[in-house]
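Before any comments, here is the structure.
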Amino acid sequence: SASMGVERLTLAKSFCLALAMRCWETARPLHVVTFGAPGEIVETTFPSREDFMPRLRACLSLAFGGGTDYDGPLGRVCDLSTEKPWSQADAIVVTDGHGKVSAEVKSRLGRMRRRANLEIIGVLLGNGPGLEEVADEIYEVDERRLVGRTEAKPELALFERVARRI
């Protein structure tokens with residue numbers, strides 16, 4: 001969304017790039033859901049190393065103009081959590097937090113957490129409260145450092161935590 005601004009959008013894309021490269025190095029599939037306002041959603045699947053770099057360039061070139069709709073991408077997370085190879089995957093949501101999640105999507109996420117052991121990890125690049133009701137864990141970017149909200153973490157705690165899972 002426009003509230004992300006250039007710096008936050010650059011940080012979000014940098015994080016996506018780091019995760020994508022880790023998946024490429026380990027030959028793991030990756031699915032990226034890029035989102036903005038309602039109806040602005042683009043999905044990019046990286047099933048293998050084939051066409052990886054062109055897909056990555058296209059994915060990282062995306063940007064939307066305004067608004068944040070969590071229902072669309074979180075609904076897709078629910079859908080994907082029933083499909084292979086994503087049925088045991090976690091979702092990482094990188095956002096400035098300016099948005100809301102509907103009661104319907106919160107309910108679906110709750111069901112998927114129980115059914116597919118789904119975990120939502122939030123990376124908060126701003127001060128919006130949008131992820132607090134749905135994320136199992138939230139990391140805030142504060143002065144270009146990733147800091148766990150509940151306890152102090154080392155600078156790259158989030159990336160290290162995610163990297164251990166893939």
Side-chain angles (χ1 to χ4, degrees), residues 1-20 22-23 28-47 51-52 54-141 146 149 158-159 161-162 165-166:
S1 69
S3 62
M4 286 285 279
V6 174
E7 185 173 303
R8 289 178 183 161
L9 187 58
T10 301
L11 285 170
K13 289 180 178 191
S14 297
F15 187 76
C16 183
L17 173 63
L19 284 176
R22 173 66 122 190
C23 288
R28 298 288 302 261
L30 172 68
H31 190 86
V32 177
V33 179
T34 308
F35 63 96
E40 292 182 326
I41 188 167
V42 176
E43 298 184 49
T44 307
T45 301
F46 301 86
D51 295 329
F52 186 89
R55 288 174 193 248
L56 183 60
R57 275 192 296 277
C59 179
L60 293 176
S61 70
L62 294 169
F64 299 108
T68 302
D69 170 43
Y70 290 135
D71 285 352
L74 290 175
R76 281 299 294 143
V77 164
C78 290
D79 296 340
L80 289 165
S81 68
T82 65
E83 301 172 11
K84 290 187 178 190
W86 318 114
S87 59
Q88 294 296 313
D90 294 327
I92 302 165
V93 181
V94 182
T95 180
D96 62 5
H98 295 286
K100 295 185 187 237
V101 182
S102 70
E104 178 185 335
V105 171
K106 288 178 197 173
S107 177
R108 278 188 76 197
L109 285 169
R111 287 191 303 274
M112 295 320 306
R113 278 187 169 96
R114 291 185 296 277
R115 189 177 302 150
N117 199 27
L118 174 65
E119 186 172 331
I120 307 289
I121 301 164
V123 179
L124 189 60
L125 303 177
N127 58 3
L131 292 178
E132 290 184 1
E133 296 178 332
V134 296
D136 297 291
E137 202 168 337
I138 297 176
Y139 291 84
E140 295 179 54
V141 174
L146 295 173
R149 219 181 230 190
L158 175 62
F159 184 74
R161 181 183 184 290
V162 173
R165 291 174 177 245
I166 58 174

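It should be emphasised that the depicted structure is a prediction, and the values quoted were computed from it without experimental measurement. Numbering of residues begins at 1 and proceeds along the displayed sequence.
- Residues Ile41 and Pro73 meet the side-chain proximity criterion, which asks for heavy atoms closer than 4.5 Å.
- Residues Pro47 and Arg55 meet the side-chain proximity criterion, which asks for heavy atoms closer than 4.5 Å.
- Not one N or O on the side chain of Ser107 forms a donor-acceptor pair closer than 3.5 Å with the backbone of Ala103.
- For the pair Leu11 and Val123, the minimum side-chain heavy-atom distance is 4.5 Å or more.
- Side-chain atoms of Ile121 and Tyr139, non-hydrogen and from C-beta on, do get closer than 4.5 Å to each other.
- Within the 4.5 Å cutoff, the side chain of Arg76 has heavy atoms near those of the Asp79 side chain.
- The heavy-atom pair separating Ala20 from Leu56 by the smallest distance is CB-CD1, 3.7 Å.
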Please evaluate residues Val33 and Val77 with respect to the criterion side-chain contact (heavy atoms from CB on, under 4.5 Å), reporting the C-alpha separation (whole Å), side-chain torsions for both, the decisive distance (0.1 Å), and the verdict. CA-CA 9 Å; Val33 179; Val77 164; 5.6 Å; no
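- Within a 6.0 Å radius of NZ in Lys106, other residues, nucleotides and ligands contribute more than 12 heavy atoms.
- Here CH2 of Trp86 is found 6.0 Å from OG1 of Thr45. Values are rounded to the nearest 0.5 Å.
- A heavy-atom distance below 4.5 Å is found between the side chains of Thr68 and Phe35.
- Considering all non-hydrogen atoms of both residues, Ala91 and Leu118 come closest at N-CD1, 4.2 Å.
- Residues Thr95 and Tyr70 have side chains in contact (heavy-atom distance under 4.5 Å, counting atoms from C-beta outward).
- The side-chain heavy atoms of Arg113 and Ile120, taken from C-beta on, include a pair separated by under 4.5 Å.
- Considering every non-hydrogen atom in both Pro29 and Cys23, the closest pair reads O-SG, 4.2 Å.
- Just one of Val42, Val32, Leu30 meets the side-chain contact (heavy atoms from CB on, under 4.5 Å) condition when paired with Cys59; it is Val32.
- In terms of heavy atoms, Ala116 sits closest to Ser81 at CB-O, 3.6 Å.
- Shortest non-hydrogen contact noted between Ala12 and Val94 is CB-CG1, 3.6 Å.
- Judged by distance alone, with hydrogens and angles left aside, the side-chain atoms of Arg108 form no donor-acceptor pair with the main-chain N or O of Glu104 at under 3.5 Å.
- A donor-acceptor contact shorter than 3.5 Å links the side chain of Ser61 to the backbone of Ala58.
- Residue Glu133 qualifies as open at atom CD: its count of foreign heavy atoms under 6.0 Å is 12 or below.
- Of all heavy-atom pairs spanning Ile92 and Phe15, the tightest one is CG2-CE2, 3.8 Å.
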